There are 2 protein chains.
Amino acid sequence: MTALGFEAHDHSGCIDDALERAESRCHDAKLQFTPARRRVYEILLQGHQAMGAYDILEILGKGGHSVQPPTVYRALDFLLRAGLIHRIERLNAYAACMLLADHDAGDASHVPAFLICRQCRTVAEAEGDRSTDGLTDAAAASGFVVETRVVEAEGLCPACSEGGDRP
Amino acid sequence: MTALGFEAHDHSGCIDDALERAESRCHDAKLQFTPARRRVYEILLQGHQAMGAYDILEILGKGGHSVQPPTVYRALDFLLRAGLIHRIERLNAYAACMLLADHDAGDASHVPAFLICRQCRTVAEAEGDRSTDGLTDAAAASGFVVETRVVEAEGLCPACSEGGDRP
DNA sequence: TGGGGATTGATACAGTATAACATATCACCT
DNA sequence: AGGTGATATGTTATACTGTATCAATCCCCA
Ligand SMILES: [Zn+2]
Ligand SMILES: [Zn+2]
Ligand SMILES: [Zn+2]
Ligand SMILES: [Zn+2]
């Protein structure tokens with residue numbers, strides 16, 4: 001299993017592809033990919049980084065007219081439900097899904113695992129599955145019914161571990 | 001691998017054992033297990049449940065004299081560093097470690113995996129390891145240096161899945 | 001045409017966590 | 001005893017993250 005997010009790539013094309021896929025998936029699922037939601041998604045696609053809701057709020061507010069928190073959180077909720085972005089629990093932040101091409105929208109077996117750089121906040125996403133998340137056996141043995149999973153690692157990305165390691 | 005936390009047990013003895021182990025571990029590591037820290041730890045040991053910092057704050061404040069947030073957060077920081085409790089990222093909450101007997105204080109290979117009941121907040125803790133967290137391979141392949149991990153599942157505990165399942 | 005669902009705007013507030021500075025305590029050295 | 005530094009606690013204020021609520025708007029369609 002490999003992780004997407006750190007390697008060099010055609011990022012402008014990466015954004016265009018993601019937007020196109022989002023349009024088509026929302027259309028298929030009869031979800032409204034409105035301008036407000038698209039704008040928030042674009043902001044998250046700018047870098048492969050986790051951004052807080054208020055970071056997004058600030059960028060949205062650059063254009064003079066004021067934007068309130070609910071606007072951002074509503075867009076984030078929509079994008080999360082649509083499977084276009086993920087919440088990074090460790091950071092109380094959000095990042096665009098990097099594996100849109102690899103799985104379907106409602107694919108419950110999609111168990112994303114994240115590699116989070118504590119220095120630059122870059123996030124890489126690996127495709128985990130239920131057999132390797134270290135929880136399935138324990139849950140089965142104890143009768144626990146798993147509904148959602150969080151698998152995240154924090155550390156230093158390749159770029160940041162070159163330079164000074166200490167925070 | 002099994003998970004501790006759901007099964008019936010001698011909970012009073014469970015608390016006493018944990019306190020004793022905490023005393024001895026802090027003494028060995030030359031850490032000060034002060035009354036304030038001990039009190040917060042005792043509160044977290046009361047149930048095998050995740051508690052928010054402000055839940056703890058409220059209980060601490062029951063005795064008339066006022067307690068401020070930093071008091072609680074400092075005690076939580078200490079207990080986290082000492083390995084006596086864990087933070088549950090999914091809930092922005094804290095729970096006492098249930099596997100004190102199984103690993104050493106500074107044991108970096110201790111990769112706890114949590115089963116979190118969304119209804120009663122009971123938390124079970126399973127001992128994961130690096131080979132099953134679904135991240136090690138991806139990290140190695142991309143040159144990412146993992147420092148800390150979060151593995152959490154949310155769902156319904158055995159007791160809560162008996163009754164009504166819907167929230 | 002007008003009713004109903006989904007979306008957005010706006011205000012206020014709730015919940016989580018930390019910064020900053022003062023004070024207290026204790027071990028240790030002189 | 002007195003000074004000194006490390007650690008811990010008290011206190012106030014504030015920053016960061018997320019929701020509740022109600023009004024206004026838009027759009028599709030019976
Ligand atoms: Zn890209
Ligand atoms: Zn980095
Ligand atoms: Zn117990
Ligand atoms: Zn439960």
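All values derive from a computational prediction rather than experimental measurement. Labels below follow one simple rule: chain letters A, B, ... track the order of the sequence lines, proteins then strands, and each chain is numbered from 1.
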message: Evaluate Arg90(B) against Glu152(B) for salt bridge (Lys or Arg N to Asp or Glu O under 4.0 Å), listing each step before the verdict.
response: CA-CA 7 Å; Arg90(B) 180 69 182 233; Glu152(B) 297 174 358; over 6 Å; no
message: For Glu89(A) and Arg87(A): C-alpha separation, side-chain torsions, deciding distance, then whether salt bridge (Lys or Arg N to Asp or Glu O under 4.0 Å) applies.
response: CA-CA 6 Å; Glu89(A) 298 291 344; Arg87(A) 178 178 162 84; 3.1 Å; yes
task: Encode nucleotides 8-19 of chain C as B, S and - characters from 5' to 3', where the letter depends on protein heavy atoms closer than 4.0 Å: B to the base, S only to sugar-phosphate, - to neither.
output: BBBB----BBBB
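Side-chain atoms of Arg118(B) and Leu156(B), non-hydrogen and from C-beta on, do get closer than 4.5 Å to each other.
In this structure, Asp16(A) contributes its side chain and Gly13(A) its backbone to no donor-acceptor pair below 3.5 Å.
Distance, Lys30(B) NZ to dA8(D) P: 14 Å, rounded to whole Å. Following rounding to the nearest Å, Leu31(B) (CG) and dA27(C) (P) show an atom-to-atom distance of 16 Å. Atom pair Arg90(A):CZ and dT17(D):C1' shows a separation of 17 Å (rounding to whole Å applied). Distance CG (Leu79(B)) to C1' (dA8(D)): 14 Å, rounded to an integer number of Å. The separation between Phe78(B) atom CZ and dA6(D) atom C1' is 15 Å, rounded to whole Å. Distance, Arg39(B) CZ to dT9(D) P: 15 Å, rounded to whole Å.
Two different hydrophobic clusters hold Val150(B) and Phe114(A) under the rule that ILVMFWY side chains link at heavy-atom gaps under 4.5 Å.
Relative to the six-membered ring of Phe33(A), Arg38(A) misses at least one condition, a distance below 6.0 Å or an angle of at most 45° to the axis.
At dT7(D), none of the side-chain N or O atoms of Gln32(B) fall inside 4.0 Å of OP1 or OP2 (strictly under the cut-off).
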